[in-house]
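Since the structure is predicted, the reported quantities are computational estimates derived from the model, not experimental observations. In listed order, ligands and their atoms are each counted from 1.
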Amino acid sequence: MSIAIFGGTFNPPHLGHRRLLEVVTEAVKPDRVFIIPDKIPPHKEASGLVSGKDRLALCRLAFGDIANVEISSYELDREGKSYSYYTVSHFKELYPDDDIYFIMGSDMLLTFDKWYRAEELMKMCIPLCISRCADDIERCRSKAKQFRKAVFVEAAPFEVSSTDIRNIIKNKQDYKLSELLDAKVISYIETHKLYD
Ligand code: ATP
């Protein structure tokens, strides 16, 4: 049996996240996937980034239709800093006999060995990754080999970030959001006037 954890800010969740999830779950077929929005520090929420409640709702709209996927408020509910080390430890306690995949984009894979308590973290989980942009593919291949275990799935990158999307909305840029976001996510963002 195996589970997969997919953490992120999801501010907002976009089609690049969705594609990452689809490609890697097709590759390793975990039995369950937990999508875990992380906490944004209060001072950042105050400066216009959206609340955990909204990001949970957006994740439900963006990923709720996928079989075996659960949206988890674990990091939002937890006191203190939400390092991945603590989250993975928690899921390891719940699923001691399962493989735990940690879904991430290439920017995260390339820095993974610098994360908080990285050595222990790497013993508990298997990084599961695709590239975010064409020019990091080679670096990802060699980074994945360097780790004792990591799965780098070769797939054409879908180059978008939540920062791009927040800027498009804030600056009222002429861009088809439907190419970057699920229609239900767009509708929630518009109704709640997020990122204006
Ligand atoms: P921001 O621009 O606000 O920093 P982001 O687009 O990088 O946000 P996050 O929510 O921080 O999104 O990312 C969560 C996870 O999804 C990370 O592991 C990140 O590498 C991965 N990811 C984000 N966008 C993509 C993408 N377009 N392709 C592949 N992986 C992605």
Those atoms of ligand 1 less than 4.0 Å from some heavy atom in Gly7: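 Selected atoms, number and element: 14 (C), 15 (C).
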Considering only heavy atoms of Ser161, which atoms of ligand 1 have at least one such atom less than 4.0 Å away?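 Reading through ligand 1 atom by atom, the close ones are 2 (O), 6 (O).
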Among [options], closest by any non-hydrogen atom to [atom]:
atom: atom 14 (C) of ligand 1; options: Pro127, Ser162, Gly8; answer: Gly8
atom: atom 13 (O) of ligand 1; options: Glu159, His17, Met104; answer: His17
atom: atom 7 (O) of ligand 1; options: Arg132, Arg55, Arg166; answer: Arg132
atom: atom 10 (O) of ligand 1; options: Phe158, Phe102, Phe10; answer: Phe10

Part of His14 with heavy atoms under 4.0 Å of ligand 1, whether side chain, backbone, both or neither: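 It is the side chain that gets close, since no backbone atom is under 4.0 Å.
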Ligand 1 contact on Thr163 by region, counting heavy-atom pairs under 4.0 Å: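 It is both parts that get close, each with some atom under 4.0 Å.
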For [atom], what's the nearest protein heavy-atom neighbour? Residue, atom name and distance, please.
atom: atom 20 (O) of ligand 1; result: Asp107 OD1, 2.5 Å
atom: atom 17 (C) of ligand 1; result: Met108 CG, 3.8 Å
atom: atom 18 (O) of ligand 1; result: Gly105 N, 3.0 Å

Parallel, tilted or perpendicular for Phe34 and Phe91, by the 30°/60° rule?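 The arrangement is tilted - the two ring planes meet at 30° to 60°.
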Is there a donor-acceptor pair under 3.5 Å between the side chain of His192 and the backbone N or O of Tyr188?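 Answer holds: yes.
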Contact between Leu20 and ligand 1, counting heavy atoms under 4.0 Å?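 Per 4.0 Å heavy-atom rule, Leu20 contacts ligand 1.
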A side-chain contact here means heavy atoms from C-beta on lying under 4.5 Å apart; do Val160 and Ile165 qualify?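 Val160 reaches Ile165 side chain to side chain.
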